[in-house]
J.: 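There's a structure below that I have some questions on.
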Amino acid sequence: MNLIARRKDEQQETTAVRVGDVIVGGPQLVVVAGPCAIESYEQLLSTALEIKRLGATMLRGGAYKPRTSPYSFRGKGEHGLKILSQIKELTGLPVVTEVMDARDIERIAEVADMFQIGSRNMQNYTLLSEIGKTKRPVLLKRGLAATLEEWIYAAEYILAEGNDQVVLCERGIRTFETYTRNTVDITAIPALKELTNLPVFLDPSHGTGRRSLVSPVALAGIAAGADGLMIEVHPQPDIALSDGEQSLNFEHFAELMDKIGPVAKAVGREMI
Ligand code: PEP
Ligand code: MN
């Protein structure tokens, strides 16, 4: 089978994925940060300004949230998108936000510079094909129990529609371990680099589920060759409406950003 994502030889360059004026897969390490969910204008604005000041080059924030329980906060939907577009305009940061349903693609495309396909939808093949038709960059998160092969085939659904702007994001997998929310598969990063020409991200926030573990695992991901990181940041994690226990506050995020530079440099990556 001749896969589009398949790395042909060691000389082959990683696909450059362009998100606004940010290039993913080039020499520069890309840090995407922001809250799990968009909660309010003030919450997103303060976070966006702070992460930008500290060197992140893209903003994340969910308007449509896949929650385990239907009774949990499921995002602000269209209102969240409106906030996202205002903050994008104000800060100039390109934005990534999740698409859960193909019926929302058009609406989300008015704001998003990059679509996120969440873990739970990694094998939603009709959604993947529809996203492929848009030609917009996509952050494809690893399914909760997906093998590398299944994940690459999922990416292929997007690539097969003529959209080569796909970034793979390791976010931990389900194992027998319960101390952490998921088990981060650091090996997946160099393995995907061997198998595919797609850029690879690491999300240590969902990967660990614990604020105290986010920074060390983020650094391990960079050392292993990740092209970028996705980090959940919230002004007041303790009152976050989702994923507070794994979100960094501004101070913790600043500490992480300080540590990233030297590790990135040691493996030949640049930081802005
Ligand atoms: C998220 O990024 O907030 C999210 C829900 O991620 P995942 O799909 O990896 O669980
Ligand atoms: Mn989250």
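FYI, side chains are in, hydrogens and waters are out, and symmetry mates aren't considered; it's all heavy atoms of this structure. We count residues from 1, following the sequence as given. Remember, predicted model here, so these are calculated numbers, not experimental data. Every number for a ligand or one of its atoms is a count from 1 in the order of the listing.
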J.: What residues, two or more places apart in sequence or in another chain, satisfy salt bridge (Lys or Arg N to Asp or Glu O under 4.0 Å) together with Arg171?
T.: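 Counting only residues at least two positions away or on another chain, Arg171 forms no salt bridge (Lys or Arg N to Asp or Glu O under 4.0 Å).
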
J.: Checking side-chain polar atoms at under 3.5 Å, does Asn124 have a donor or acceptor matched by the opposite partner on Thr126?
T.: yes

J.: Check the side chains of His234 and Asp243 for a donor-acceptor pair under 3.5 angstrom, ignoring hydrogens and angles.
T.: no

J.: Residues in ring-ring contact (aromatic ring centres under 6.0 Å, His included) with Phe73, at least two apart?
T.: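 Expected list: none.
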
J.: If we check side chain to side chain donor-acceptor pair (under 3.5 Å) with Tyr64, which of these qualifies: Arg107, Glu98, Glu78, Lys76?
T.: Arg107

J.: Need the list: ligand 1 N/O atoms against protein N/O atoms, distance under 3.5 Å, rounded to one decimal.
T.:
unit_1   : atom_1 : unit_2 : atom_2 : d
ligand 1 : 2 (O)  : Arg60  : NH1    : 2.8
ligand 1 : 2 (O)  : Arg60  : NH2    : 3.4
ligand 1 : 2 (O)  : Gln116 : NE2    : 2.9
ligand 1 : 2 (O)  : Lys141 : NZ     : 2.9
ligand 1 : 3 (O)  : Arg60  : NH2    : 2.9
ligand 1 : 3 (O)  : Lys65  : NZ     : 2.8
ligand 1 : 3 (O)  : His206 : NE2    : 3.1
ligand 1 : 3 (O)  : Glu232 : OE2    : 3.3
ligand 1 : 6 (O)  : Lys141 : NZ     : 2.9
ligand 1 : 8 (O)  : Ser119 : N      : 2.7
ligand 1 : 9 (O)  : Lys141 : NZ     : 2.9
ligand 1 : 9 (O)  : Arg171 : NE     : 2.6
ligand 1 : 10 (O) : Arg120 : NH1    : 3.0
ligand 1 : 10 (O) : Arg171 : NH2    : 2.8

J.: Using only heavy-atom distances, determine whether the side chains of Arg210 and Gln246 contain a donor-acceptor pair under 3.5 Å.
T.: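 Side chains of Arg210 and Gln246: no pair found under 3.5 Å.
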
J.: Is it true that Tyr41 and Gln43 share a donor-acceptor pair across their side chains at a distance under 3.5 Å?
T.: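 No - no donor-acceptor pair under 3.5 Å links their side chains.
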
J.: In sequence, state the C-alpha distance, the side-chain angles, and the governing distance for Leu59 and Val96, and then conclude on side chain to side chain contact (heavy atoms under 4.5 Å, CB included).
T.: CA-CA 6 Å; Leu59 176 68; Val96 53; over 6 Å; no

J.: Mind listing the protein N/O/S atoms less than 2.8 Å away from the Mn ion (ligand 2)? Waters don't count.
T.: Cys36 SG, His206 NE2, Glu232 OE2, Asp243 OD2

J.: Is a donor from one side chain sitting under 3.5 angstrom from an acceptor on the other, for Asp9 and Gln12?
T.: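 Judged by distance alone, the side chains do not pair up.
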
